[in-house]
Amino acid sequence: MDLQDTRRKFIWEEMSYLERWWRDASELKRQSFTDLVKNGQLEIVGGGWVMNDEANSHYYSIIEQMTEGNMWLNETIGVIPKNSWAIDPFGYSPTMAYLLRRMGFENMLIQRTHYELKKELAWHKKLEYVWRQSWDAEESTDIFVHMMPFYSYDIPHTCGPEPAVCCQFDFARMRGFVYELCPWGEHPVETNQENVHERALKLLDQYKKKSTLYRTNTLLVPLGDDFRYISIDEAEAQFRNYQLLFDYINSNPSLNAEAKFGTLDDYFRALREEAERINYSQPGEIGSAQIGGFPSLAGDFFTYADRQQDYWSGYYVSRPFFKAVDRVLEQTLRATEMIIALLLGYCQRAQCEKLPVGFSYKLTAARRNLALFQHHDGITGTAKDHVVRDYGMRMHTSLQDLQIFMSKGIEVLLGIRHDKSDQTPAQFEPEQVRSKYDAQPVHKVIAATEGTYHSVVFFNPLEQSREEVVMVIVDRPDVAVLDSNWTCVQSQVSPELQHHKSKIFTGRHRLHFKVSVPPMGLKTYYVGSGFVGCEKAKLAKIKLSESNTLSCPAPYTFTEIQSDTVEIRNRHQVLTFDAKHGLLQKISHLDGPENIVGEVIGIYSSSGSGAYLFKPIGDAEPIIEAGGAMVVSEGPLVQEVYSYPKTMWDNSPVSHSTRIFNVEGSVQQFIVEKEYHVELLGPEFNDRELIARYRSDIDNRRIFYSDLNGFQMSRREYYPKIPLQGNYYPMPSLAFMQGTDGRRFSLHSRQSLGVASPKDGWLEIMLDRRLVRDDGRGLGQGVMDNRALNVVFHILVESNISRTSNPESNPLPLSPSLLSHSVGAHLNYPLHAFISKKSHDISVQPPAKSLSPLSSSLPCDLHIVSLKVPRPLKYSQQAAEGSRFILVLQRRHWDSSYCHKGRTKCTNIADEPVNLFNMFKGLAVLNARATSLNLLNEDTELLGYAEQHADVQEGHVIISPMEIQAYKLDLRPHQ
C-alpha cells in the first residue's frame with residue numbers, strides 16, 4: 001500500500017483482532033501502524049476488545065470489555081478513542097451511551113434500528129441527535145449520535161438511497177475479486193478519463209439524495225462490508241477509483257461539492273465545526289448544550305426489525321446455556337478481582353505478592369475471554385457451532401483458573417496458607433465444579449465419616465453483610481453444622497433430586513443451613529458427623545404424588561398427596577399448587593393480599609425462526625398434562641415443591657422446583673425461587689420454543705418494565721398492531737409488572753432471556769429454542785446444539801406503601817424497590833463456597849477463621865461494581881506513583897413508594913457522603929482521585945460528572961442516584 005499518500009484514511013474497531021495482528025507484527029510494521037494512528041490517517045474507533053452486543057450484555061461486562069481494549073490500546077500505541085462505531089449490534093441500549101460518555105467518548109455511530117423508526121427520524125431530520133438518559137435533568141449524560149439511514153452498512157446501502165446505483169461504486173465487486181457481483185445487474189467498472197464525468201455525476205447524485213435526510217452539509221459515506229480489505233489489490237481498487245472520482249468532483253467548482261477520504265473523527269470534527277457556524281435547530285425542539293442544532297432523545301432501540309415482520313427477538317434467548325455461563329464467569333471474575341485486591345492491600349512484603357502477581361497472565365486471559373464473549377455474535381447466540389464451542393471452552397478454562405486461584409487466595413486471607421507462592425496445591429476446592437465446557441456444574445459431595453468434619457468457607461462478594469440459607473451435598477443424612485466459633489447451627493437435610501422420569505432421587509442428601517458472612521468477607525463453617533452436644537440436621541418431611549411409583553429413600557418419612565392442591569408456607573407467604581399438574585397457582589401474603597400467579601409452561605411452534613429471528617405460528621400451546629410426579633419436601637429452613645410433569649413426550653423437556661426459605665433478617669424470606677431444568681434435546685423439539693408464563697391478576701394494562709444491561713429499567717407497552725415477536729424484549733436480569741392497586745410482580749433472572757406481556761396481567765419468559773433452519777441473516781445454520789440447563793428466577797410480590805404515578809400515563813421507566821435491588825444483587829452475586837479436600841478429626845477444635853475487610857456494610861443503595869488492581873504485573877514497579885487500585889461505585893435509584901428499609905437490615909442510604917478513607921478495616925486509602933470508567937481520562941468535566949463528584953480530597957464521595965463513578969487509589973495496611 002502507498003502509505004505516503006496521506007489522503008488515504010481508514011478506521012479500525014475491535015482490539016481483540018488488532019492484538020492478534022500486533023503479537024506477530026514486525027517492529028517495522030508496528031512502527032508504521034503507530035505512525036498512521038498518530039498522524040490521523042488510521043483512527044481507532046470504539047477500541048473495545050469487541051463491538052459488544054447491547055441486549056444481553058451486563059453493564060459490568062461492557063465496562064470490562066471496553067476497558068480491556070482501551071487500556072491495551074493506550075499502553076501499546078498511546079491513544080485514547082473518542083468516537084464509537086457500532087454498526088452491527090441488533091438494536092441499541094442507552095446504557096451504552098451512558099457508559100461511553102462516562103469513559104470520555106464524544107460521539108457515537110449506530111446502524112441497526114427498526115426500518116420504520118429510521119423512516120420517521122429521517123422525515124424529521126433527527127437521524128443525528130443527542131442521546132440523553134431518562135433520569136437526567138442536568139444534560140450531564142448527553143452524547144452526540146449519528147444513525148445511518150438505510151437497510152445495511154454495506155456499500156450498496158451507504159452511498160445513497162439506490163442500492164443498484166451504489167453497488168456500481170463497490171470496486172471490490174469488479175471481476176477478478178472474490179466477492180459476489182451486484183445482484184441488481186449493473187456492475188462496477190474501472191474509472192478512467194473517458195467515464196469519470198458520467199460516473200462522478202452519478203455518485204454525486206446519490207450523495208445529494210442522501211444528504212437531504214440530514215441537517216448539515218457535511219455527509220458521511222462509509223465504504224466497507226463484512227470480510228473486506230483482505231488484500232492490497234482490493235484496497236487499491238477502492239482507493240484508486242475513488243481518488244479519481246474525488247479529484248474530478250473537487251476540480252469542478254460548478255458541482256459545488258468537495259469529497260475526500262476521512263476517518264470518523266474527520267467527519268465529526270467537520271460536522272461540529274459547521275454546527276457551530278450555522279444553527280440547525282428546529283422550532284420548539286429540545287436541544288442540548290453539548291452541541292447546538294440537534295434534538296435530544298431518550299430511550300432504547302429494541303426490538304429491531306430490518307424488514308416486514310422480521311423482528312430480531314430470537315437472539316435474546318438463543319444458546320441460553322452460554323448466556324448463563326457468561327454471568328457465572330462475570331461474577332467469578334469480579335470476586336477474584338476483589339480477592340486479588342485484598343491480598344495485595346494487606347500485603348507488605350514482596351513474598352506475599354507472588355501469588356496474585358503470578359496469576360496475572362491467567363487473570364488477563366479471563367478478562368479477555370469474558371470480554372470476547374460480549375461480541376454481538378457471542379452472547380447473542382448467533383455464531384456457528386464450532387465458534388460457540390470455542391467461546392464456551394475459553395470461558396470454561398478461565399472459570400477453572402479463577403476458581404483454583406480463589407481457593408488459594410482465601411487460604412492466605414484466612415491465615416492458613418504460609419507458602420505464599422503458587423506451588424503447593426490448594427487445601428480447598430470449589431463447592432461447584434464443571435467437568436467440561438458444556439456441562440451443568442456438579443456439587444462436590446462431602447463424605448461425612450463418623451468422627452470427622454469438613455470445613456466450608458464462604459466468600460461474600462457483596463458490600464452488605466449477608467444472612468442466608470446455603471446448600472451443600474452430603475453422602476449421609478446424620479450430620480450437623482458448626483460455625484467458626486464451634487457453636488451449633490440449625491440445619492435440615494432432604495433427599496437430592498434430579499431431572500429423571502423414574503429415578504428422581506439420587507441417593508445423596510441436600511444439607512441446608514443458615515450462614516452469616518460479612519461484606520466482602522470470609523466465614524468458615526464445619527460440616528461433620530459425631531459432634532457431641534449438637535443437634536443433627538432435621539429430616540425434611542416428604543410428600544409424594546399418589547400416581548407415583550417412587551419409593552421414598554431412607555431415613556425420611558413420607559405421606560401421599562391426596563388433595564387437588566398442595567401448600568407450602570413460611571413466615572411471610574403461602575404458596576398454593578395444582579397437585580395434578582405441579583404448577584404454582586397463587587402466592588398469598590400472610591399480612592396482605594392473595595396474588596394469582598397462574599404458572600403455565602408452553603411451547604411455540606415456528607418455521608421461520610432462527611438464531612436471530614423469532615417468528616411464531618399462533619400462540620404457545622400448554623404442554624403439561626395431569627399426572628406427573630411431584631415431590632414436596634418441608635423442613636424448618638426450606639420448603640420445596642418439585643415437579644417432573646407428564647407431557648405428550650416420553651421425556652419431558654422440563655422439570656422444575658419452587659422453593660421458599662425461612663430465615664430471619666434475609667431477603668431470602670421474601671422471595672419465591674423458581675428453578676426450571678430445561679432439556680430441548682432431540683428431533684421431537686425441532687422448531688419449538690419453550691416458555692414459562694405467569695398469568696397473574698395484576699391489571700398491568702399490558703405495560704411492564706424490563707431492564708437494560710442490569711443497569712436501568714425501560715417501560716414496555718404491548719402494541720397489538722405489531723406481531724408478538726415485536727413485543728418481546730431483552731431481559732438481562734429483571735422484569736416487573738405493576739397494577740393500579742400498587743401491587744408489583746417482579747421476576748429476577750440470573751441470566752439474559754427474552755420477555756413479553758402478551759395479555760393483561762401476563763408475564764412470559766422464553767427459556768430455550770431449537771430451530772432447524774437458518775433465518776437468512778448471515779449465520780448459515782439453525783440452532784440445534786441445545787444443552788441441558790437450569791434457569792433460576794427469584795419472584796418477588798410487593799405492595800406499595802404510598803401512591804405512585806399511573807404507569808399508563810407516565811412514559812418514564814419506574815425503578816425497582818430497595819428490596820428488589822437487594823434480591824437482584826443476591827441472585828447475581830451469590831456466595832462463593834469452598835470445601836476442604838481433607839476431613840479433620842472432630843476432637844480438635846480449629847481456630848476461628850474469618851475475614852471482615854469493610855468497616856461496616858455500605859449504604860443499601862450503594863453498590864461496589866468492582867474493586868481491583870488493573871495491572872498486577874506492574875504492581876511493585878508502580879509503588880511510587882501509588883494509585884494501583886481501582887474502586888468503582890454505583891448508586892442505585894429505587895422507587896420510594898415501596899417499603900424503604902427494604903424489609904431487611906438496611907440501616908442507611910447514600911444521601912450522606914460516603915468516606916472512602918474509613919471504608920476498610922485495617923487498610924488505609926491513599927492518593928484517591930476520580931477517573932473515567934475506562935480508567936484513562938481524569939478530566940471529570942469532560943466526562944459529564946457534576947463538580948462535587950470529582951473532589952475526593954477529604955475522602956468524601958457524593959454519588960447521585962444512577963451514577964457509576966470510578967476512583968484510582970492505593971491501599972496500604974495501617975501502620
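Side-chain rings of F302 and Y729 stay apart, their centers remaining 6.0 Å or farther from each other. Less than 6.0 angstrom separates the ring centroid of H572 from the ring centroid of F670. For H832 and F458, the ring centers are positioned 6.0 Å apart or more. The aromatic ring centres of Y642 and H677 sit 6.0 Å or more apart.
Scanning all heavy atoms of the two residues, the minimum distance from V755 to A735 falls at CG2-CB, 4.0 Å. Considering every non-hydrogen atom in both S733 and N828, the closest pair reads CB-ND2, 4.1 Å. When every heavy atom of W649 is checked against every heavy atom of I603, the shortest pair comes out as CH2-CD1, 3.8 Å. Summarising the geometry of Y525 relative to S516, their closest heavy-atom pair is OH-N, 2.9 Å, with the distance given to 0.1 Å. Closest approach of L724 to Y718, counting heavy atoms only: CA-OH, 3.9 Å. When all heavy atoms of A448 and V479 are compared, the pair lying nearest together is CB-CG1, 3.5 Å.
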Return all side-chain donor-acceptor pairs below 3.5 angstrom for residues 580-587, not counting sequence neighbours, or 'none' if the list is empty.
from : atom 1 : to   : atom 2 : distance (Å)
K580 : NZ     : D564 : OD1    : 3.4
H581 : ND1    : D578 : OD2    : 2.7

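Looking only at side-chain heavy atoms (C-beta outward), V527 and I835 stay at 4.5 Å or farther from each other. Within the 4.5 Å cutoff, no side-chain heavy atoms of K444 are placed close to those of I473.
One finds a salt bridge joining E640 and R659 here, because a Lys/Arg side-chain nitrogen approaches an Asp/Glu carboxylate oxygen to under 4.0 Å. Ion pairing between a basic and an acidic side chain is recognised when a charged N comes within 4.0 Å of a carboxylate O; E664 and R571 show such pairing. No salt bridge links E599 with R693; every basic N to acidic carboxylate O contact stays at or beyond 4.0 Å. Using a 4.0 Å cut-off between a side-chain N of Lys or Arg and a carboxylate O of Asp or Glu, K523 and D483 do not qualify as a salt bridge. Using a 4.0 Å cut-off between charged side-chain N and carboxylate O, K541 and E634 make no salt bridge.
Neither side chain, S752 nor K323, offers a donor N or O lying under 3.5 Å from an acceptor on the other. A donor-acceptor pair shorter than 3.5 Å cannot be found between the side chains of N595 and D697. Between the side chains of S815 and H893, at least one donor N or O lies within less than 3.5 Å of an accepting N or O. Remark: the S757 side chain and the N700 side chain contain an N/O donor-acceptor pair separated by less than 3.5 Å. N686 and R770 share a donor-acceptor pair across their side chains, judged by distance under 3.5 Å alone. Defined by atom type and a distance below 3.5 Å, a donor-acceptor pair is present between the side-chain atoms of Y316 and T303. No donor-acceptor contact under 3.5 angstrom links the side chains of E468 and S666, judged on distance only. Neither side chain, S817 nor D895, offers a donor N or O lying under 3.5 Å from an acceptor on the other. Side-chain polar atoms of Q725 and S313 form no donor-acceptor pair below 3.5 angstrom.
Within 6.0 Å of CD in E535 there are 12 or fewer heavy atoms belonging to other residues, nucleotides or ligands.
Rounded to the nearest 0.5 angstrom, K759 NZ and E764 CD are separated by 10.0 Å. Atom-to-atom distance recorded for D760:CG and I698:CD1 is 10.0 Å, nearest 0.5 angstrom.
Applying the side-chain hydrogen bond (donor to acceptor under 3.5 Å, both in side chains) test between S820 and each of R892, H794, H748 identifies H748 as the sole match.
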